[in-house]
There are 2 protein chains.
Amino acid sequence: MHAEFYAGPVQTESTRLRLRELILDGHYPPGSRLGEVEVAETLGVSRTPVREAFRALAADGLLAAAGRGLRVVRLDGEELSQVYRVRAALEALTAELAAERQRAGRLAPAELADLAALAERTHRATADGELTLAVRLNRGFHRRIAELAANQVALHALDRLWDQIQVSTLRSLRPPARTALVDAQHRELLDAITAGDPAAAAAAARRHVLDTRAADGTAADDKE
Amino acid sequence: MHAEFYAGPVQTESTRLRLRELILDGHYPPGSRLGEVEVAETLGVSRTPVREAFRALAADGLLAAAGRGLRVVRLDGEELSQVYRVRAALEALTAELAAERQRAGRLAPAELADLAALAERTHRATADGELTLAVRLNRGFHRRIAELAANQVALHALDRLWDQIQVSTLRSLRPPARTALVDAQHRELLDAITAGDPAAAAAAARRHVLDTRAADGTAADDKE
DNA sequence: CGCACGTTCGTTGCATGCAATGCATGCAGA
DNA sequence: TCTGCATGCATTGCATGCAACGAACGTGCG
């Protein structure tokens with residue numbers, strides 16, 4: 001494909017990001033097959049950057065080989081449960097680290113205020129039934145904690161897990177029944193970090209993630 | 001490059017694996033720059049599968065962008081420490097899961113015997129000064145536990161972390177001073193799993209990894 | 001009528017060509 | 001001598017061509 005005005009040399013990384021967005025948005029639903037040509041035409045690039053994006057996203061666990069070609073990963077209940085157990089372990093770690101940093105006085109008050117604001121906005125969006133926004137804000141809340149933990153490795157590993165979970169739970173935009181519980185657990189986690197109590201923060205994060213697993217896990221039993 | 005006898009269509013995945021081996025073996029040391037053409041000629045393939053392998057290995061955290069092109073990742077002390085904290089959290093999880101499965105009677109006696117044999121062989125190789133073998137067996141011991149945990153997600157995440165650690169600690173093949181401690185901790189971990197005690201297994205695994213971090217971390221202070 | 005085999009088409013695997021970028025080197029001027 | 005710029009080179013970014021694999025389909029035979 002020709003571009004009238006050649007956009008520049010960094011097409012391949014942007015291709016990866018744009019394709020990832022399409023997958024996370026549900027444009028390519030879980031289980032759907034991805035063809036090089038079709039994706040290349042959709043994104044307006046040639047097959048080469050698409051193939052490279054395929055490899056990177058496959059390494060990130062978003063795409064999986066399916067005989068000929070690749071498919072968007074579709075986790076069954078057991079696999080999703082495994083993802084959640086790993087996520088629980090990692091979020092327990094990030095919460096613990098964030099609380100440690102708070103105890104050591106290395107967190108700015110503004111950072112904690114931001115986190116609290118995120119929790120509040122998440123709660124409001126959920127209560128208002130803005131499900132898509134609520135999902136994004138919820139992920140933002142958890143991600144902010146991982147950022148406060150100041151551990152790039154944990155943050156990157158969690159990003160990959162969140163991506164996998166987001167793809168696999170796209171269909172079942174959650175029944176907002178647990179709204180009160182989620183908000184209470186978010187506050188508990190926030191309070192533990194604010195108090196600089198690593199053990200409490202780790203325990204709260206672990207419990208919250210495992211509770212979420214229970215909710216999403218049952219919801220994921222909707223067969224396609 | 002031309003191959004007299006065309007080897008088959010699955011060159012790209014094998015390229016990724018062979019390049020990974022070269023990096024883990026130290027053929028391309030940490031920090032060294034990887035050129036598409038040079039690697040392609042070394043492996044006897046064209047630049048295309050090499051580029052795809054680059055993307056996949058970069059997503060796995062083995063390669064990192066460095067201005068023009070890619071370099072083998074070189075973790076500084078702080079980053080390595082972060083990797084170890086994540087590894088500790090994940091190995092605590094896998095040890096816990098393995099112990100849970102043992103308690104539930106889902107581990108075959110032969111599996112535990114294999115694990116014990118691995119611990120013993122690791123100990124002997126270390127005592128004999130067979131450092132390269134010892135490193136491989138040690139990784140095998142930890143990996144076997146992750147396999148017994150039956151959590152593919154944790155296993156894959158750990159594989160990536162082990163790769164990063166292996167690359168970054170290649171130079172400093174460890175002073176076998178901690179031999180006795182390592183062996184004792186391996187036995188403690190093994191015993192906790194055998195006893196079906198998840199909490200003890202998790203604690204033993206976490207402590208062991210963090211102790212290893214302390215050893216490798218100081219060793220990694222050897223500047224190149 | 002069913003099964004098996006062959007053919008064809010679509011898709012991917014890989015190689016290579018061309019263009020553009022960025023770095024290094026050397027020259028000129030202050 | 002140092003700084004600034006221009007030019008050349010090495011290397012990557014991307015596109016496309018060609019060949020092989022595999023799947024779907026149709027046909028012929030049992």
Side-chain angles (χ1 to χ4, degrees), chain A residues 1-23 27-29 31-60 62-74, chain B residues 1-23 27-74:
Chain A
M1 163 163 282
H2 296 282
E4 292 292 337
F5 300 100
Y6 195 86
V10 195
Q11 218 70 320
T12 185
E13 179 65 6
S14 112
T15 297
R16 184 181 77 82
L17 293 175
R18 287 197 292 159
L19 180 55
R20 171 175 172 274
E21 284 304 318
L22 288 177
I23 294 170
H27 185 279
Y28 293 109
S32 62
R33 197 173 173 297
L34 267 72
E36 296 177 2
V37 177
E38 191 256 336
V39 172
E41 287 175 354
T42 299
L43 297 182
V45 297
S46 81
R47 289 168 51 212
T48 304
V50 170
R51 285 173 62 85
E52 294 177 14
F54 278 6
R55 303 298 177 198
L57 292 175
D60 279 344
L62 270 186
L63 303 178
R68 193 83 166 164
L70 296 171
R71 310 184 84 87
V72 177
V73 72
R74 168 201 297 270
Chain B
M1 163 163 281
H2 296 285
E4 293 290 338
F5 301 99
Y6 195 85
V10 193
Q11 218 72 321
T12 187
E13 179 65 7
S14 113
T15 297
R16 185 181 75 82
L17 293 176
R18 287 197 293 158
L19 180 56
R20 172 175 171 273
E21 284 303 317
L22 288 177
I23 295 170
H27 185 277
Y28 293 109
S32 61
R33 198 174 171 296
L34 266 69
E36 298 178 0
V37 178
E38 191 256 336
V39 172
E41 287 175 355
T42 298
L43 297 182
V45 296
S46 81
R47 289 168 52 214
T48 305
V50 170
R51 284 173 64 84
E52 295 177 13
F54 279 6
R55 304 298 177 199
L57 292 174
D60 279 345
L62 271 186
L63 302 179
R68 192 83 165 166
L70 296 172
R71 309 183 84 88
V72 177
V73 73
R74 170 200 296 270

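Within every chain, numbering begins at 1; the chains are lettered A, B, ... in the order of the sequence lines, protein sequences first and strands thereafter. Predicted model, so just to flag it, every value in this text is computed and none were measured.
- In this structure, the CD atom of A/Glu52 is 12 Å from the C1' atom of D/dA15, given to the nearest Å.
- We find that CD of B/Glu41 is positioned 12 Å from P of C/dA15, with the value rounded to whole Å.
- For the pair A/Tyr28/A/Thr42, a side-chain contact is recorded, criterion being any heavy-atom separation below 4.5 Å from C-beta on.
- Within the 4.5 Å cutoff, no side-chain heavy atoms of B/Leu34 are placed close to those of B/Val50.
- Using a 4.5 Å cut-off on side-chain heavy atoms (C-beta onward), B/Glu52 and B/Arg16 make no contact.
- At the phosphate of D/dC14, neither OP1 nor OP2 sits under 4.0 Å from any side-chain N or O atom of A/Thr48.
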Quick one: which protein N/O atoms are closer than 3.5 Å to N/O atoms of nucleotides 10-12 of chain C? Pair and distance per line, please.
| from | atom 1 | to | atom 2 | distance (Å) |
| --- | --- | --- | --- | --- |
| C/dT11 | O2 | A/Arg68 | NH2 | 2.8 |
| C/dT12 | OP1 | A/Glu36 | N | 3.4 |
| C/dT12 | OP2 | A/Glu36 | N | 3.4 |

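- For the side-chain contact (heavy atoms from CB on, under 4.5 Å) test, residues two or more places apart in sequence or in another chain that qualify with B/Arg20 are B/Leu24, B/Leu57, B/Leu62, B/Arg139, B/Asp163.
- When side chains are defined from C-beta on, B/Glu41 counts as touching B/Val37, because their heavy atoms get closer than 4.5 Å.
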